[in-house]
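Letters A, B, ... are given to chains in the order of the sequence lines, protein chains preceding strands, and every chain is numbered from 1. All values below come from the heavy atoms of this structure, side chains included, with hydrogens, waters and symmetry mates left out.
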Amino acid sequence: MTTLSPETAATGLLPQLAHARNPGMALDLDWVAGVQANTSAIERRCATLGGRRSVKKDWQAAWLLKAISLIDLTTLSGDDTPGRVERLCAKARQPVRPDMLAALGMTGLTVGAVCVYHDMVETAVRCLEGSNIPVAAVSTGFPAGLSPWRLRLAEIGESVKAGAKEIDIVISRRHVLTGNWQALYDEMREMRAACGEAHVKAILATGELQTLRNVARASLVCMMAGADFIKTSTGKEAVNATLPVTLTMIRAIRDYQDRTGHKVGYKPAGGISKAKDALLYLALMKDELGAPWLQPDLMRFGASSLLGDIERQLEHHLTGAYSAGYRHALA
Amino acid sequence: MTIKEIFDSMAYGPAPESNAEALAWLAKHKAGFGHFINGAFTAPEAPFETRNPANGAVLATVSQGSEATVARAVAAAARAFPKWSATPGPQRARVLYALARLVQKHSRLFAVLETMDNGKPIRESRDIDIPLVARHFYYHAGLAQLLESERPGMQPLGVCAAVIPWNFPLLMLAWKVAPALAAGNTVVLKPAEYTPLTALLFAEISREAGLPKGVLNIVTGDGETGAALVAHPGVAKVAFTGSTMVGQRIREATAGQGKALTLELGGKSPYIVFDDADLDSAVEGLVDAIWFNQGQVCCAGSRLLVQEGVADRFHAKLKRRMDGLRLGDPLDKCIDMGAIADPVQLETITRLVDGSEGQIYRAATPVPQGCFYPPTLITGLTTSSPLMQEEIFGPVLVSMTFRTPAEAVELANNTRFGLAASVWTENVNLALDMAPKLKAGVVWVNATNLFDAAAGFGGVRESGFGREGGWEGLAAYQKPARSARTLKPLAAFPEPASPEVPAMDRTAKLFIGGKQARPDGGYSRAVWSPKGRLLGHVGLGNRKDIRNAVEAAHAARGWGKATGHNRAQILYYLAENLSARGAEFAARLRDLTGKPGEAEVETTITRLFTWAAWADKYEGAAKPVPMRGIALALHEPVGVIGALCPDEAPLLGLVSLMGPAIAMGNTCVLVPSDPFPLAATDFYQVLETSDVPAGVVNIVTGAPDELAKALASHRDVDALWSFAAAPLSAMIERESAGNLKRTWVNNGLARDWRTAEGEGREFLARATEVKTVWVPYGE
């Protein structure tokens, strides 16, 4: 069984269905124009976070296990094969060595989802059958999002048809860079519609949007257009998830919830490879957004190597001795 | 709790910093601490306990320094002074460098000990206080290296007394000790009664830095020990950080003793949030402003002014953030706020808040038992609410709204204090327009509580005077090398037996607000030449004339906004018009003093040129602070300056004081030479013809003691200078305590106004305040 938040368990729904989906709203350009993001102040907040929040011993172990439950275990390589994806899915079902998991007093821990390209969706769905682990597909001409519009929309449909429960779309960065919020909104709206029941994560490619003000405004427009999640990066930009970008995006999520009542999830992706980093992200989510955003229905890590570091830290927690990578199953 | 339970709740757990090493150090000293005098610890005397405020545990016993102890420490410092002050700067730099290194090497021990003694979160002592301490010593090692070449002609003061507070124990030690030692002074420091331990540890390690015996002495004790130190006649300078009330008492106690004084006192610093600010970041800024060190920070942004249109939204965001703040064991690495420094302080905070009007919101966060106080916000207050004016020195924020930038300035400045201010807006035009208008020594744009050794810190108004940090901070520990000469009093020439009366009566008036005015009292005094000729009558001004002159000077404050170029033009024009009447003034000076006046007139014209030259050249600085941003040191006018002009140079003396004052944008009230006042009253005709705006220069003749007293006690005079021969220095310094106006008095010593002693950077510094404006940037 997968790790469900208490409310999910009670309703018996899939993790991604624990709360009402964000229906979106009409584009409110005044709101978008009024968004501010002071880079220096945001950086200062992030720079002191590590000094303000620290989890140790059992708490650290529990938080790291939580981080695992939020990972979208990902492979997005040109050389992906069914065999590679099968191995990844097996790791998704059993992310931590059973003896360690038992020693930690945990059962049934899985990652949040498996994230692949469209061609690998079918394999992943087959491998994860019965696990309740959803398959996420990157889509819409990932990572650049510059293929023909109708093909981008069609790609979503194909992946949903193949069994993807979550679609990670990429936005047209040019709409942000030129301030064409209407175009961004319309594009997002249509992509959301194309997803149907599947949840849509809007990848902003924050590294290419450059400024935090752009990030804040793009976040808001995507939420207005009905994104279920907003996600930082494809993992292919020069700069991927960072704490300042995270703070900017989750503050946008909070404002959106304050004004509309709708909860939108957050997914930092790319560059989070250390257990310590994951703890910082979780602390930021907890402090800025609160406990609901520490569950897989509202928080994911897009990561491929993070799990390995967490496994080593967990073994260190259990034995007191630093661990080695080869003692844990390869993803 | 099991891991599974934590996994479900995602609670924070304990994350304690070990205090084993600190406890071991304390155990080593369990017999009790003595004082650190002449390089060694004394035997303990009159022990009292210092406690951990978070749990009440006794940490150590320390000694209550008596008057005799203080005397021993001052004597040791005095003995060490000749050699230390003669030690070349680069050699002193090495000692300061070693101190910086030693602080770094023992950084965690210092941090843990500070947190145990003071109750502040380990994050703050570890990430802020101690790194700033090390930075301060590094920076001042550099100043010691450079000061001989960069500040020639300056010398150290002597024995410096430092009395420091409990809120930043080691950091305040660094702020006092580093510049004092860099400049070649020796120090006797008294740490706060609640928090003496890091100073004692510092004393211990200072022996490994090559600091000669007696250069740094530490005497522990309470306020009485501090008072004895401040009062000691062997002390040349007093540097105090603490409450405004105690600062005022120190000002009074040291009046007339010739001691240099810097005071860094209380505040009620405004935190201004405009509707175009990044509101979330402004909320987070408040966490660093008023919930930093439990709000026990002199420059805490404790007075929130938020633009009305966003006030509700801002308060809602703020309350939510407050609820997320974690209080707990200060040694825990996962808390935001620790303990209040002492139960007495907790009681004060509790009493002030409980007695307040308005809506009191206490954060919905668990508050541990003991000496803790929750983050608190009080809304719905007005300017007339006591807590909008009084410093609480605790984690309590008071809030008000404003409508326009102009109103924000007005409300921000509606306070006796003037330490710091924060301005939050994304509009650079607005931010840079606000910064100069705020009455504060430090302005942070879109930030708060940024500190660095390179950037001056200090206040205006009743927040004290003097700067700490930067070259401007070093200046407070040096004086011009000059031999002291006693100033001989000059008497007016007496009325002769048979007066010689001129053909035409001449009436000199006061000059107030650009108009010639009769003295309020209706009294005049005759002025005689040495040969018994009646030169005219001079009005005897009184306190009401001073009141009128100060009002006129305030009405003319627009002068401070005139460009330096504009002010220079007027000063040049004054020189030109004086020159045109040079012969007349020379004759007047001869009539008054019996000595030829040509040279004085000529020097006066040159001096006006000098100040005209300076008017647009006393540049500020962009401080190289370790961040992405700029910290501007702006030279701002002090405000309204009163000046008792020298008796012996009736024209040159007056112009030597007026010149720097008005060149730097101040307005002034001048009391001319008592025995020879008529050169000054002639001079107002030059002022009238030289486009000097009304009220910029006011001249009130009369008895110096009476006028000086009126000026010194006037709460709306920002600075008072006295170079009169009358023994006014003590009275002026004592009376100035009322509003802590800056004083510059001669202490009965002479100055040769004809030479470089009568002009220069010393005058520029006295005529300006350094305002540090921090502008972090980045998009």
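Note that CZ of B/Phe7 is 5.5 Å distant from CG of A/Leu109, once rounded to the nearest 0.5 Å. The structure places CD1 of B/Ile6 at 10.0 Å from CG of A/Leu65, a figure rounded to the nearest 0.5 Å. Rounded to the nearest 0.5 Å, atoms CD (B/Glu779) and CZ (A/Arg213) are 4.0 Å apart. In this structure, B/Lys4 NZ and A/Thr107 OG1 are separated by 6.5 Å, a value rounded to the nearest 0.5 Å.
Residue contact with chain A, scored on non-hydrogen atoms closer than 4.5 Å, involves the side chain of B/Arg321 exclusively. Heavy atoms of B/Pro121 lying under 4.5 Å from chain A are absent altogether. For A/Gln60, no part sits under 4.5 Å from any heavy atom of chain B, backbone or side chain. There is no contact between A/Asn214 and chain B, counting heavy-atom distances below 4.5 Å. Both the backbone and the side chain of A/Lys66 come within less than 4.5 Å of a heavy atom of chain B. Neither the backbone nor the side chain of A/Leu64 comes within less than 4.5 Å of any heavy atom in chain B.
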Working for side chain to side chain contact (heavy atoms under 4.5 Å, CB included), residues B/Met627 and A/Glu43: CA-CA 11 Å; B/Met627 61 176 275; A/Glu43 287 173 350; over 6 Å; no
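At a threshold of 4.5 Å between non-hydrogen side-chain atoms, the residues A/Asp58 and B/Met1 do not count as touching. Inter-residue side-chain proximity for A/Arg53 and B/Arg123 is flagged as unmet; no heavy-atom pair is nearer than 4.5 Å. Residues A/Lys56 and B/Asp332 form no side-chain contact, since every pair of their non-hydrogen atoms from C-beta on lies 4.5 Å or further apart. Counting heavy atoms from C-beta on, the side chains of B/Cys334 and A/Trp59 never come closer than 4.5 Å. Counting only heavy atoms from C-beta outward, the side chains of B/Asp336 and A/Arg52 approach each other to under 4.5 Å.
Minimum interatomic distance between B/Asn446 and A/Arg44 (heavy atoms only, all atoms of both residues): O-NH2, 2.7 Å. Of all heavy-atom pairs between A/Gln295 and B/Asp8, the closest is NE2-O, 4.4 Å. Pairing each heavy atom of A/Ser40 with each of B/Arg628, the nearest pair is OG-NH2, 3.3 Å.
Contact annotation for residues 277-285 of chain B against chain A (heavy-atom separation below 4.5 Å, listed by residue number): B/Ala277, B/Asp278, B/Asp280, B/Ser281, B/Glu284. At a heavy-atom cut-off of under 4.5 Å, chain B is reached by A/His317 from residues 309-319 of chain A, listed in order of number.
When only modelled atom types and interatomic distance are considered, A/Gln36 and B/Asp276 share no side-chain donor-acceptor pair under 3.5 Å. With no hydrogens or angles considered, a side-chain donor-acceptor pair links A/Asp287 and B/Tyr12 at under 3.5 Å.
Interface check for chain A: of the options B/Pro14, B/Gly324, B/Gly629, the most heavy-atom pairs under 4.5 Å are formed by B/Pro14. In terms of heavy-atom pairs under 4.5 angstrom with chain B, the leader among A/Gly105, A/Ala62, A/Ala216 is A/Ala62.
Take B/Arg403 and apply the salt bridge (charged side-chain N to carboxylate O under 4.0 Å, His left out) test, not counting sequence neighbours, and it matches B/Glu407. With sequence neighbours left out, the side chain to side chain donor-acceptor pair (under 3.5 Å) criterion links B/Trp424 to B/Tyr271.
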